[in-house]
Amino acid sequence: MTTTPKAGLEGMIAGDTAIASVLQDKLIYRGYEIHDLAEHATFEEVAFVLLEGHKPSKSELTRFKDELIANRALPGPVKDFLKASRPMLREGTAVPMDVMRTCVSILGNLDHDAQSNEPEANLWKSKRLLAKMPTIIGHMQNVIDGKEFVAPETGGDAKLSHAANLLYLMTGEKPREDAAKVMDVSLILYAEHDFNASTFTGRVIAATLSDMHGAVTGAIAALKGPLHGGANEAAMEMLREVKAAVDGGMSVEDWMADAFEKKKKLMGFGHRVYKKGDHRAPILHALGRRIAARRGGEFLEYFTIGEQVQSIMETRKEIYPNVDFPCGLTYFAMDIPVAQYTPIFVASRVSGWCAHIMEQHANNRLIRPIANYIGEMPRAWG
Ligand code: COA
């Protein structure tokens, strides 16, 4: 006897994992609570915990960081593709998430371990992918800005952390300490979230015994959508609309009343699992607001408008912001181009995806549900 699950598989447990747990009252990565990690860990430590399964010793962390730094540079064909992507990005036939997806696919075509799903090969591929994501984003932004690649031979500055190096590669300027810290925390918050749509996509691909680069490529496509990772970009676009209305003399209250009337989905709000709020959102909001307050002007105006939107949404609908809402505001206050928000999410979440792909390969069974057929009953053709 089979039962039909709720639409969107809401509430269904789809398998076991030892990597993360998303609960109403807490989010844990391998037993470590997200507030604890955001306050006391670095992104590199969190990525190690996810990929290698335990808290790193000092020497393990040094080794891990060295491995990432040594693998930051991109191979020639990926750099060539990035240069070739300029007209696609300019004409809008591709957005940065699409370009990033293709870069990962090319990396797979060039990886000597590409066809091996052995644990050692998978771990190495995970580290190489993790190391290269900021370089893809940085070089792509250089191409968009019509500039030379920053540090194409090394993929950055070996003295900089993963987060600081990402900002450096995008601009060619060493970031301020507070900006690097906020980026680091945002990467920690984005790193893992159990069976979300992109991770589950990656696991479904891995479960056919397909390879890690293929699974990550598919996961990137799933993350792009505005109901998932693309919400950080969509939230900022929505706030731009609200700000334009406010600048034109409309109040935030009236904009919201109109949105409710039209039954608009407000981007960066709501969550399939969290019904009383996303644990990650207040952490990033507080940090981002500090940057906006330092910078003042429109950065602070956007935060203030965002807070009004949030308050009305909470009071009128009891719908809370997810992490993508403060992320949009925070990255905006850090001068990050909106179209790179979701690729930055990838630069973090790839650590969680790879951990899940390895977990799937280590104890695999094909993921193949059945459909509830609602079509025509059997009938004659001829
Ligand atoms: N804006 C307005 N209303 C929302 C909303 C939002 N962002 N999110 C949920 N709701 C409302 C729905 O309209 C629905 O109301 P109804 O029962 O009167 O029809 C109710 O809340 C339940 O929403 P539902 O769409 O069934 O929730 P879901 O679990 O299927 O969807 C999301 C979850 C995340 C897809 C959804 O909240 C959403 O689209 N959010 C915006 C995109 C986003 O921020 N995504 C990032 C997620 S981390």
Side-chain angles (χ1 to χ4, degrees), residues 4-14 20-24 26-27 29 34 38 95 97 186-202 219-242 245 252-285 288 305-332 338-339 341-346 348-349 352-353:
T4 307
K6 281 195 192 170
L9 304 181
E10 180 179 352
M12 292 285 294
I13 293 178
S21 181
V22 178
L23 302 165
Q24 295 303 330
K26 63 177 88 64
L27 164 62
Y29 296 174
I34 197 66
V95 295
M97 279 296 277
S186 76
L187 297 181
I188 291 173
L189 300 177
Y190 267 145
E192 167 54 16
H193 222 213
D194 81 27
F195 282 11
N196 58 86
S198 56
T199 303
F200 196 62
T201 301
I220 292 174
L223 191 77
K224 176 189 169 189
L227 296 189
H228 190 12
N232 56 10
E233 296 177 19
M236 198 57 223
E237 299 298 358
M238 181 192 79
L239 282 164
R240 278 188 166 147
E241 254 183 65
V242 186
V252 175
E253 285 77 10
D254 285 348
W255 190 91
M256 291 293 284
D258 182 61
F260 292 149
E261 169 97 21
K262 290 179 178 144
K263 297 198 179 308
K264 255 193 192 170
K265 271 262 161 100
L266 266 66
M267 292 294 135
F269 284 89
H271 198 274
R272 173 59 61 78
V273 182
Y274 298 128
K275 293 304 170 200
K276 291 181 218 128
D278 178 334
H279 313 299
R280 304 163 296 176
I283 302 175
L284 197 54
H285 185 102
I305 289 173
E307 282 160 359
Q308 282 175 269
V309 169
Q310 180 175 333
S311 159
I312 295 168
M313 196 67 174
E314 290 179 1
T315 328
R316 291 273 310 273
K317 298 278 174 187
E318 286 186 56
I319 298 177
Y320 300 88
N322 54 59
V323 69
D324 294 312
F325 191 67
C327 175
L329 287 162
T330 301
Y331 287 174
F332 182 75
V338 175
Y341 294 2
T342 320
I344 293 173
F345 191 159
V346 173
S348 162
R349 182 59 61 85
W353 289 337

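Start at 1 and go down the list; that is how both ligands and their atoms are numbered. Hydrogens, waters and symmetry mates play no part in the numbers below; they use all other heavy atoms, side chains included.
Looking from atom 48 (S) of ligand 1 to the surrounding protein, the closest heavy atom is His271 CD2, 3.6 Å. Scanning the protein heavy atoms around atom 43 (C) of ligand 1, the nearest turns out to be Ala231 CB, 3.5 Å. Protein heavy atom at the shortest distance from atom 45 (N) of ligand 1 is Leu227 O, 3.0 Å. With respect to atom 42 (C) of ligand 1, the closest heavy atom belonging to the protein is Pro226 O, 3.5 Å. Scanning the protein for heavy atoms near atom 1 (N) of ligand 1, the closest one is Leu266 N, 2.8 Å. Summary of contacts: the protein heavy atom closest to atom 41 (C) of ligand 1 is Phe269 O, 3.3 Å. At the shortest separation from atom 29 (O) of ligand 1 among protein heavy atoms lies Arg272 NE, 2.7 Å.
Proximity to Gly268 (heavy-atom distance under 4.0 Å) selects the following atoms of ligand 1: 43 (C), 44 (O). The ligand atoms of ligand 1 that sit less than 4.0 angstrom from a heavy atom of His228 are 46 (C).
Atom 20 (C) of ligand 1 is never approached by the protein to below 4.0 angstrom, counting heavy atoms only. Under the 4.0 angstrom criterion, atom 27 (O) of ligand 1 counts as lacking any protein heavy-atom contact. Counting only heavy atoms, the protein never gets under 4.0 Å from atom 14 (C) of ligand 1. Distance check on atom 7 (N) of ligand 1: some protein heavy atom falls below the 4.0 Å cut-off.
Classification of the His271-His193 ring pair by plane angle, with boundaries at 30° and 60°, yields perpendicular. Note: Phe345 and His228 have perpendicular aromatic rings, judged against thresholds of 30 and 60 degrees for the angle between ring planes.
Of all heavy-atom pairs between Met267 and Phe325, the closest is O-CD1, 3.8 Å. The shortest heavy-atom contact between Leu23 and His279 is O-NE2, 2.8 Å.
Nearest to atom 2 (C) of ligand 1 by heavy atom, out of Lys317, Arg280, Lys264, is Lys264. Summarising the contacts of atom 24 (P) of ligand 1 with Met267, His193, Lys265, Glu10, the nearest heavy atom is found in Lys265. One option in Asp324, Asn322, Ile319 has a heavy atom closer to atom 10 (N) of ligand 1 than any other, and that option is Ile319.
A side-chain donor-acceptor contact under 3.5 Å links Asn232 and Thr342.
Contact of the Leu284 side chain with the Leu329 side chain is not registered, since no non-hydrogen atoms from C-beta on lie closer than 4.5 Å. Contact check for Met313 versus Phe260: side-chain heavy atoms found under the 4.5 Å cut-off. Side-chain contact between Ile13 and Phe195 is absent, with no heavy atoms from C-beta onward closer than 4.5 Å. Considering only heavy atoms from C-beta on, Phe332 stays 4.5 Å or farther from Leu239 through its side chain.
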Please assess Val95 against Lys224 for the test side-chain contact (heavy atoms from CB on, under 4.5 Å), listing each intermediate value before the final yes or no.
CA-CA 10 Å; Val95 295; Lys224 176 189 169 189; 3.9 Å; yes
Can you check side-chain contact (heavy atoms from CB on, under 4.5 Å) on Lys317 and Leu266, steps first, answer last?
CA-CA 11 Å; Lys317 298 278 174 187; Leu266 266 66; over 6 Å; no
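Of the heavy atoms in Met313, only side-chain atoms (C-beta onward) come closer than 4.0 Å to ligand 1.
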